[in-house]
Engineer: 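Before anything else, here's the structure in question.
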Amino acid sequence: RQLTVGEEANMPLSEDGRVALTRLGGKPGSVDVLAKTDWSASFPLGSVAYDGRVPVSAAVDVSAAPGASGTPPIASLFLNDYQIGASQLDADGQKERIEARIPRYALASQNVLRVSFQRQPVSDLCRETPQAFPVAVLPSSHITLDNVALDSDFSGMAARFAAGAQVVVPQSYLDRPASSLPQVIRIASASGVSPLRAHFSVSSDAKAALSPDAAFLAFEVPVKDSTESVQVSDDGHLLINQKAQTLLDLKTLNHLAALQVVDSGSQHGMIYRTLGGQAPNFARPVLLERGNVTVLGDEGPLTTFDAKDPTGSRMIDDQEPKGLDAWRKPSLLWLIPAGVIAFLVLLLAGRRARRNRQ
């Protein structure tokens, strides 16, 4: 009937960086698959990244029963609707593992890991009634965490907020709590701010006083030396800039807001600002996509993009194979046998030279 929470409540730390999906809301068990069935687990990034690590890979253990069709079932792994792995199952009732690397662009402040099972139904020519056959997701399914350099985007800020955050609001928010509090709740939840590890402060100065040891989420307050790419001019124009280029210039704004990732000196944070006369009235929880700037309306994000990489060229370079992965390109595979042949030729030439000297 009564519960008192002390200083904080956390999940136990993982020494090897692995967290079972059962600890993240995924319920293991069997599902019957006739043609296609999904299994999913949802978790906020802050629930696993509070010690500075973020998900880098996923492993889903499944066990599938054989079906009447001779075509093996397929298991596809998705994170936030990005396919990150797939496998054709043996379907012999034994444990099979689907492993996949989690790309940085697939992470979000709120994440859904989904496994999609698909079977080929029996042909009607067999004159048999199609039957569903079971597929089980096993409790050993897990994600692996590791320390990586955090980007200046929404997912990177969610990981930073998991370790601690400073939420700053203006004095005017306290004067109208009925309208301001729902906005703070929606934006803080979407950004990954943990109420247990956040500090709330009210700013009445011209510049917000930020704590030097925590990331910040600021509402409608000016932040010193911030690098805002979305601004509203004195005459009511919305300006979105990329370096010296104006990407968008609009006027007559209402029920719009901007949420963007900014830097203030050596600190990282996010700023929420109303665009136009009235703030949006969020009808449902806000879900942030990949990027560092989003324009919000009553229904949530209207557009989300990376102001530092609007064309996506940096993201393309980040996803290019590097190191040993680059050598696995088909265009470079011929270098492997060529290198082996060259080594053998040099070895034979060396032996012949030694025999000639003897």
Engineer: Does a salt bridge link Asp151 with Arg104, judged by any charged N lying under 4.0 Å from a carboxylate O?
Structural biologist: yes
Engineer: Establish, from distance only, whether the side-chain atoms of His199 and Gln166 form a donor-acceptor pair under 3.5 Å.
Structural biologist: no
Engineer: Side chains of Thr22 and Lys27 only: does a donor on one sit below 3.5 Å from an acceptor on the other?
Structural biologist: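 No, no side-chain donor-acceptor pair sits under 3.5 Å.
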Engineer: Please answer: with hydrophobic residues joined when any side-chain heavy atoms are less than 4.5 Å apart, are Val293 and Val286 in the same cluster?
Structural biologist: no
Engineer: Is there a side-chain contact between Val115 and Asp38 (heavy atoms, below 4.5 Å)?
Structural biologist: no
Engineer: Which pair of heavy atoms, one from Leu259 and one from Ser191, lies closest together, and at what distance?
Structural biologist: CD2-OG, 4.0 Å
Engineer: Side chains of Tyr272 and Gln260: do they bring a donor and an acceptor to under 3.5 Å?
Structural biologist: no
Engineer: With distance as the sole criterion, is a donor-acceptor pair present between the side chains of Asn281 and Asp298 under 3.5 Å?
Structural biologist: no
Engineer: Any side-chain heavy atom of Leu89 sitting closer than 4.5 Å to one from Pro72?
Structural biologist: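 Heavy-atom side-chain distance check fails, nothing below 4.5 Å.
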Engineer: Short question: side chain of Thr294, backbone of Thr303 - any donor-acceptor pair under 3.5 Å?
Structural biologist: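 Side chain of Thr294 to backbone of Thr303: a pair is present.
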Engineer: Decide yes or no for Val54 and Asp146: does some side-chain heavy atom of the first lie under 4.5 Å from some side-chain heavy atom of the second?
Structural biologist: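 No, their side chains stay 4.5 Å or more apart.
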Engineer: For the OG1 atom of Thr144 and the CD atom of Glu99, what is their distance to the nearest 0.5 Å?
Structural biologist: 8.0 Å
Engineer: Looking only at heavy atoms, which two atoms of Val135 and Ala64 are closest? And how far apart?
Structural biologist: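 Scanning both residues completely, I find the closest heavy atoms to be CG2-CB, 3.9 Å.
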Engineer: With a 3.5 Å distance limit and no angle check, can you tell me whether Glu96 reaches the backbone of Asp90 through a side-chain donor-acceptor pair?
Structural biologist: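 Checked: pair present.
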Engineer: Pair Val112, Leu79 - check side chain to side chain contact (heavy atoms under 4.5 Å, CB included), show working.
Structural biologist: CA-CA 6 Å; Val112 178; Leu79 182 66; over 6 Å; no
Engineer: CG/Asp153 to CE/Met270 distance, rounded to the nearest 0.5 angstrom?
Structural biologist: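 If I round to the nearest 0.5 Å, the distance is 9.5 Å.
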Engineer: What's the spacing between Leu256 CG and Arg273 CZ if we round to 0.5 Å?
Structural biologist: 15.5 Å
Engineer: Using the side chain to side chain contact (heavy atoms under 4.5 Å, CB included) rule, take Val223 and Phe216 through it: C-alpha gap first, then chi angles, then the decisive distance, then the call.
Structural biologist: CA-CA 10 Å; Val223 177; Phe216 62 88; 4.0 Å; yes
Engineer: Angle class for the Tyr82/Tyr105 ring planes (parallel below 30°, perpendicular above 60°, tilted otherwise)?
Structural biologist: perpendicular
Engineer: Does any N or O in the side chain of Asp263 come within less than 3.5 Å of the main-chain N or O of His268, such that one atom is a donor and the other an acceptor?
Structural biologist: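 Absent.
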Engineer: Go through the steps for Leu145 and Val19 under the test side chain to side chain contact (heavy atoms under 4.5 Å, CB included), then give the verdict.
Structural biologist: CA-CA 8 Å; Leu145 313 174; Val19 179; 3.9 Å; yes
Engineer: Between Asn111 and Pro44, which heavy-atom pair has the shortest distance, and what is it?
Structural biologist: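 The pair with the smallest heavy-atom distance is ND2-C, 4.4 Å.
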Engineer: Hydrogens and angles aside, do Thr274 and Glu220 bring a side-chain donor and acceptor to less than 3.5 Å of each other?
Structural biologist: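 There is such a pair (donor and acceptor under 3.5 Å, judged by atom type) between the side chains of Thr274 and Glu220.
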Engineer: Just verifying a value: how many Å separate Ser155 OG and Glu289 CD, rounded to the nearest 0.5 Å?
Structural biologist: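 Ser155 atom OG to Glu289 atom CD measures 12.5 Å (nearest 0.5 Å).
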Engineer: Judged by atom type as modelled, is there a donor-acceptor pair below 3.5 Å linking the side chain of Ser180 to the main-chain atoms of Tyr173?
Structural biologist: yes
Engineer: Using a 4.5 Å cut-off on heavy atoms from C-beta on, say whether the side chain of Ser140 contacts that of Lys95.
Structural biologist: yes
Engineer: Taking the side chain as C-beta and beyond, is there a heavy-atom pair between Val33 and Trp39 under 4.5 Å?
Structural biologist: no
Engineer: Is it the case that one hydrophobic cluster holds both Phe282 and Val169, taking links as side-chain heavy atoms less than 4.5 Å apart, direct or via other members?
Structural biologist: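 Hydrophobic grouping puts Phe282 with Val169.
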Engineer: Between atom CD1 of Ile143 and atom CZ of Arg23, what is the distance when rounded to the nearest 0.5 Å?
Structural biologist: 13.0 Å
Engineer: What pair of heavy atoms forms the shortest contact from Gly291 to Thr304, and how long is it?
Structural biologist: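 Closest approach of Gly291 to Thr304, heavy atoms only: CA-CG2, 4.3 Å.
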Engineer: Report yes if the side chains of Phe219 and Leu217 come closer than 4.5 Å at any heavy-atom pair, otherwise no.
Structural biologist: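 Yes. Closest side-chain heavy atoms under 4.5 Å.
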Engineer: Treating Ile, Leu, Val, Met, Phe, Trp and Tyr as nodes and any side-chain heavy-atom pair under 4.5 angstrom as an edge, say whether Ile187 and Leu45 lie in one connected cluster.
Structural biologist: no
Engineer: Do Leu150 and Val48 share a hydrophobic cluster (ILVMFWY, side-chain heavy atoms under 4.5 Å, transitive)?
Structural biologist: yes
Engineer: Between Thr71 and Gln120, what is the shortest heavy-atom contact and its length?
Structural biologist: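 Closest pair (atom of Thr71, atom of Gln120, distance): CB-CB, 3.8 Å.
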Engineer: Does Phe117 reach the side chain of Val62, with side-chain heavy atoms less than 4.5 Å apart?
Structural biologist: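 Yes, at least one pair of side-chain atoms sits under 4.5 Å.
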Engineer: In terms of side-chain heavy atoms, does Asp61 have a donor or acceptor partner in Ser141 at a distance below 3.5 Å?
Structural biologist: no
Engineer: Please tell me if the side chains of Ile84 and Phe78 come closer than 4.5 Å, counting only heavy atoms from C-beta onward.
Structural biologist: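 Side-chain contact under 4.5 Å: no.
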Engineer: State yes or no: do Leu107 and Leu288 share one hydrophobic cluster built from I, L, V, M, F, W and Y residues joined by side-chain heavy-atom distances below 4.5 Å, directly or via other members?
Structural biologist: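 Result: no, two separate clusters.
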Engineer: Determine the minimum heavy-atom distance between Gln110 and Ser189, stating which atoms define it.
Structural biologist: NE2-O, 3.4 Å
Engineer: Nearest 0.5 Å, what's the CZ-OG distance between Arg97 and Ser63?
Structural biologist: 13.5 Å
Engineer: Could you check whether any side-chain N or O of Ser109 sits under 3.5 Å from a backbone N or O of Ala190, counting only pairs where one atom can act as donor and the other as acceptor?
Structural biologist: yes
